[in-house]
Protein chains: 2
Amino acid sequence: MENRATQLEQALRRAGVRVTRQRAALLRVIAGSEDHPDAAELHRRAEAAGAGVSLATVYRTLTTLQTQGVIEKLEFQGEPARWEAADQRHHDHMIDVDTGAVMEFTNDRIERLQAEIAAEMGYEIVHHRLELYVRRRG
Amino acid sequence: MENRATQLEQALRRAGVRVTRQRAALLRVIAGSEDHPDAAELHRRAEAAGAGVSLATVYRTLTTLQTQGVIEKLEFQGEPARWEAADQRHHDHMIDVDTGAVMEFTNDRIERLQAEIAAEMGYEIVHHRLELYVRRRG
DNA sequence: ATAAGTGCAAAGGTTTTGCAGTCGG
DNA sequence: CCGACTGCAAAACCTTTGCACTTAT
């Protein structure tokens, strides 16, 4: 993840985005997170790592990184926005309504059907959101 | 829609929910709306109809009506929540990212696939959210 | 009668922003 | 060097809530 963060820094610089101490720290926090933290949580983790970043900068950085395609924003029902690294292959989310656990899944057939539906109506998909709010069977 | 609103009033009373002047007015606004208005817009429409309802009551009423299963809450990306009557059959939404237009669609195959995916992982679906953010082809 | 509902204004939680100072390229 | 970036505090935004008053049943 150190490496991944370093790669991203170079990509950002190439794109003309300055790599400040704060941004470098956040890149490392994000690269090292396997879950789906919100801005406050990322701020906490950055501080815990001794970063010295303001919450305002966390928000601004998240927007910047999203624009650069480095991270993706998740907005589950009525919670603060969460974020995840964008370096994985596309997937959707399943949320356990009892525990709040977030799981990931993919299904090519659903993807294709979505594209077909849009095409039939004369549109193309820019992006989509598929969330399953679920409960353990019992 | 007058009739629909009246039906709903009776259902509410049966459920032990009081039908106040404000709630009756909102029921009529909702029954007469074919789009997906947010709380502020519903408030405006109610006021335009001479209702005399506070915005706080609009919010409280929306929550109540949702609990009663009369309306459904839609939370599209980063906008205030929107609402729609729940008297229709289930459908998902397609949002034109350029115009903001919201269209509805259904696809049984997608519905079935979702249930299968959840089942495979040992869950059952409580509810789901499928939104296609699209752009006109050209 | 009386519990449920309302209006108002204040507070809540998340996110954005203006401004003056700082720093990366 | 200088424009992009930051911190701080204030504001914006949508939504909820406490309290005293009103009203549907």
Side-chain angles (χ1 to χ4, degrees), chain A residues 5-6 8-29 36-47 49-68 70-83 100, chain B residues 5-6 8-29 36-44 46-47 49-68 70-83:
Chain A
T6 307
L8 290 174
E9 288 182 15
Q10 289 165 3
L12 289 178
R13 263 187 282 263
R14 252 175 273 130
V17 175
R18 292 189 181 172
V19 177
T20 62
R21 176 178 54 73
Q22 293 88 334
R23 285 178 180 172
L26 283 169
L27 281 174
R28 276 163 182 71
V29 171
H36 306 82
D38 63 18
E41 177 61 23
L42 287 168
H43 184 228
R44 252 175 257 122
R45 293 184 191 178
E47 289 295 87
V53 196
S54 73
L55 184 55
T57 291
V58 172
Y59 276 105
R60 281 190 278 230
T61 300
L62 291 172
T63 303
T64 300
L65 295 182
Q66 181 185 26
T67 302
Q68 296 302 318
V70 170
I71 57 176
E72 277 172 29
K73 188 179 196 175
L74 307 175
E75 295 171 278
F76 300 143
Q77 44 172 30
E79 340 177 340
R82 298 164 173 241
W83 302 84
Chain B
T6 307
L8 291 174
E9 288 183 16
Q10 290 164 3
L12 290 178
R13 261 187 282 261
R14 251 176 273 129
V17 175
R18 291 187 184 175
V19 178
T20 62
R21 176 178 53 74
Q22 293 88 335
R23 285 177 182 173
L26 283 169
L27 281 174
R28 277 164 181 70
V29 170
H36 305 82
D38 62 18
E41 177 61 23
L42 286 167
H43 184 228
R44 251 175 258 122
E47 289 296 88
V53 195
S54 72
L55 184 56
T57 291
V58 171
Y59 276 104
R60 280 190 280 229
T61 300
L62 291 172
T63 303
T64 300
L65 295 181
Q66 181 185 26
T67 303
Q68 295 302 318
V70 169
I71 57 176
E72 277 172 28
K73 189 180 196 174
L74 307 175
E75 295 173 278
F76 300 143
Q77 44 172 29
E79 339 177 341
R82 297 165 175 240
W83 302 84

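Every value quoted in this text rests on a predicted model; they were computed, and no experiment measured them. So that the names make sense, note that chain A is the first sequence line, chain B the second, and so on, each numbered from 1.
In this structure, the side chain of Arg23(B) engages the main chain of Arg18(B) through a donor-acceptor pair within 3.5 Å.
Going from atom CG of Asp38(A) over to atom P of dT15(C) covers 7 Å, rounded to whole Å. Rounded to an integer number of Å, the gap from Leu55(B) CG to dT6(C) P is 13 Å. Following rounding to the nearest Å, Leu42(A) (CG) and dT15(C) (C1') show an atom-to-atom distance of 14 Å. The distance from atom CZ of Arg23(A) to atom C1' of dG24(C) is 10 Å, rounded to the nearest whole Å. At whole-Å resolution of the value, CZ in Phe76(A) and P in dT14(C) are 16 Å apart. Following rounding to the nearest Å, Tyr59(B) (OH) and dA9(C) (C1') show an atom-to-atom distance of 16 Å. One atom, CG of Leu26(B), and another, P of dG7(C), lie 9 Å apart when rounded to the nearest Å. In this structure, the CD atom of Glu41(A) is 13 Å from the P atom of dT14(C), given to the nearest Å.
The phosphate of dG7(C) (OP1 or OP2) has a side-chain N or O of Thr57(B) nearer than 4.0 angstrom. Residue Gln22(B) places at least one side-chain N or O under 4.0 Å from the OP1 or OP2 atom of dG7(C). For the OP1/OP2 pair of dT6(D) and a distance below 4.0 Å, the side-chain nitrogens and oxygens of Thr20(A) include at least one atom meeting the criterion.
The side-chain contact (heavy atoms from CB on, under 4.5 Å) test with Leu27(A) is passed by exactly one of Val70(A), Thr61(A), Thr6(A), Ile71(A): Val70(A).
Toward the 5' end of DNA chain D, the nearer of the two residues Arg18(A) and Ala81(B), judged by each one's closest nucleotide, is Arg18(A). Map Val58(B) and Glu79(A) each onto its nearest nucleotide of DNA chain C; the residue landing nearer the 5' end is Val58(B).
Between the side chain of Arg13(A) and the base of dG24(C) there is no donor-acceptor pair of N/O atoms closer than 3.5 Å. The base of dG5(C) does not come close enough to the side chain of Arg21(B) for any donor and acceptor atom to sit less than 3.5 Å apart.
When heavy atoms are screened at a 4.0 angstrom cut-off, Gly78(B) is found touching no nucleic acid atom at all. Residue contacts for Arg60(B): at a heavy-atom cut-off of 4.0 Å it reaches a base atom on one of the strands shown.
A 4.5 Å side-chain heavy-atom check between Leu8(B) and Val19(B) finds every atom pair outside the cut-off.
Closest to the side chain of Val53(B), out of dT17(C), dT14(C), dG7(C), is dG7(C). Closest to the side chain of Thr61(B), out of dT6(C), dT17(D), dT16(C), is dT6(C). Listed candidates were dA9(D), dC8(C), dT14(C). Nearest to the side chain of Pro80(A) is dT14(C).
Heavy-atom minimum distance, Glu75(B) versus Ala81(B): CG-CB, 4.2 Å. Pairing each heavy atom of Pro37(A) with each of Arg45(A), the nearest pair is CG-NH1, 3.9 Å.
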